[in-house]
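A, B, ... follow the sequence lines: proteins, then strands. Residue 1 opens every chain.
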2 protein chains.
Amino acid sequence: MLIKELSNRTGISIHTLRFYENYSLFRGVSDENIKTNNYKDYDESVVEKIKMIKGAKEVGFTLSEIKALLDSWYNEHFSIDKKVEVVNNKVSEIDSKILKLKQVKNLLLNAIKVIESEDC
Amino acid sequence: MLIKELSNRTGISIHTLRFYENYSLFRGVSDENIKTNNYKDYDESVVEKIKMIKGAKEVGFTLSEIKALLDSWYNEHFSIDKKVEVVNNKVSEIDSKILKLKQVKNLLLNAIKVIESEDC
DNA sequence: TGATAGTATAGACTATACTCTATACTTTAA
DNA sequence: TTAAAGTATAGAGTATAGTCTATACTATCA
């Protein structure tokens with residue numbers, strides 16, 4: 001698919017997608033058979049990647065962290081064990097973020113409880 | 001406590017604390033009895049507030065979102081019901097962030113599963 | 001075949017959240 | 001009493017992550 005469709009599929013603006021592509025978070029390929037243009041084609045795997053990037057960003061991961069993860073995942077010089085290790089580390093970070101969210105949530109729920117009990 | 005201790009207690013740099021105070025996320029009070037300086041004093045409630053801010057930031061909430069929450073919480077013109085509503089909305093946002101984190105986590109765990117099964 | 005819409009690249013601009021520097025004043029311990 | 005450390009304020013500088021503009025080329029449909 002071309003960039004417009006990629007934008008529609010992911011809900012990310014064309015400008016931002018190009019910014020991400022420049023940042024090397026993913027890349028499209030121009031069809032070598034077509035000499036008249038260098039329009040880039042993006043496949044389903046790019047859509048999946050971007051959905052992951054989107055989710056990771058919304059919960060506070062930076063582009064540089066996301067890039068580091070993707071880079072090691074697709075690094076041919078990394079052993080499977082090494083890749084698994086990198087990903088497992090990221091999973092731990094996610095767990096600690098979930099914990100943090102739960103703490104903030106409890107803090108808010110507790111504040112509600114206190115204010116409602118004072119109401120009596 | 002003075003700003004240095006506040007910094008030690010929260011793990012946030014003095015510079016950043018001042019930036020937050022300017023942003024009106026909290027405020028210290030200068031002792032009116034002491035005329036020789038205008039050193040600001042911060043109490044335990046400020047420490048708690050900053051810990052909340054820190055946690056909220058780490059999971060992707062912006063300073064402006066955090067400020068909006070604090071502002072309505074301490075807004076004397078808001079009814080208790082209104083405050084509870086605002087906080088409950090934030091709790092929903094937290095729940096959806098937790099969900100997103102779990103999705104990204106499953107995505108990563110699944111990637112590990114796939115790469116390890118290919119290894120055989 | 002020409003108007004319209006789409007694509008690529010480069011570079012300027014912006015918002016957010018710090019981070020640092022300069023300056024001036026205050027406190028404290030030697 | 002003075003040197004060192006701490007505090008306040010203002011403003012400049014930086015990093016991250018977009019967002020927009022200009023320019024040029026390409027595709028498609030009436």
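For A/Lys4 and C/dG6, the NZ to P distance is 4 Å, given to the nearest whole Å. Counting to the nearest Å, the C1' atom of D/dA8 and the CG atom of B/Leu6 are 15 Å from each other. We find that CD1 of B/Ile14 is positioned 16 Å from P of C/dC18, with the value rounded to whole Å. Per the geometry, CD belonging to B/Glu5 stands 10 Å off P belonging to D/dT7, to the nearest Å. Taking atom OH on B/Tyr23 and atom P on C/dT19, their separation rounds to 15 Å, with Å as the unit. Atom P of nucleotide D/dA5 and atom CG of B/Leu2 are separated by 17 Å, given to the nearest angstrom. When rounded to the nearest whole Å, the span between CG of B/Leu17 and P of C/dT19 equals 11 Å. If you take CZ of B/Phe19 and P of C/dT21, they are 18 Å apart, rounded to a whole angstrom.
Comparing atom distances between the B/Tyr39 side chain and each of D/dA17, C/dT27, D/dA27 picks out C/dT27 as nearest. For B/His15, taking side-chain heavy atoms from C-beta onward, the closest of the listed nucleotides C/dA8, C/dC20, D/dG18 is C/dC20.
Taking the side chain as every heavy atom from C-beta outward, A/Ser79 and A/Lys82 approach each other to under 4.5 Å. Looking only at side-chain heavy atoms (C-beta outward), B/Leu6 and B/Ile50 come within less than 4.5 Å of each other.
Close to D/dT16, at under 4.0 Å from its OP1 or OP2, lies no side-chain N or O of A/Lys57. Checking the phosphate oxygens (OP1, OP2) of C/dC25, no side-chain nitrogen or oxygen of B/Thr36 falls inside 4.0 Å. For the pair A/Asn22 and C/dT9, the criterion of a side-chain N or O lying under 4.0 Å from OP1 or OP2 is not met. Remark: B/Arg18 is not in phosphate contact with D/dT9, judged by side-chain N or O atoms under 4.0 Å from OP1 or OP2. Residue B/Thr16 has no polar side-chain atom (N or O) positioned under 4.0 Å from OP1 or OP2 of C/dA17. Within the 4.0 Å cut-off from OP1 or OP2 of C/dT9, at least one side-chain nitrogen or oxygen of A/Lys40 is found.
With respect to the salt-bridge test (charged N to carboxylate O, under 4.0 angstrom), the residues A/Arg9 and A/Glu44 qualify.
Geometric assessment of A/Lys49 against the ring of A/Tyr74 yields a positive cation-pi assignment under the 6.0 Å and 45° thresholds.
Residue B/Ser64 is the one, among B/Ser64 and B/Asn38, whose nearest nucleotide of DNA chain C lies closer to the 5' end (criterion: closest heavy atom).
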List, one per line, each side-chain donor-acceptor pair under 3.5 Å for residues 53-63 of chain B, sequence neighbours excluded.
from    : atom 1 : to       : atom 2 : distance (Å)
B/Lys54 : NZ     : B/Thr10  : O      : 2.9
B/Glu58 : OE1    : A/Lys100 : NZ     : 2.5
B/Thr62 : OG1    : B/Glu65  : N      : 3.1
B/Thr62 : OG1    : B/Glu65  : OE1    : 3.4

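Residue contacts for B/Thr62: at a heavy-atom cut-off of 4.0 Å it reaches the sugar-phosphate backbone alone, with no base atom in range.
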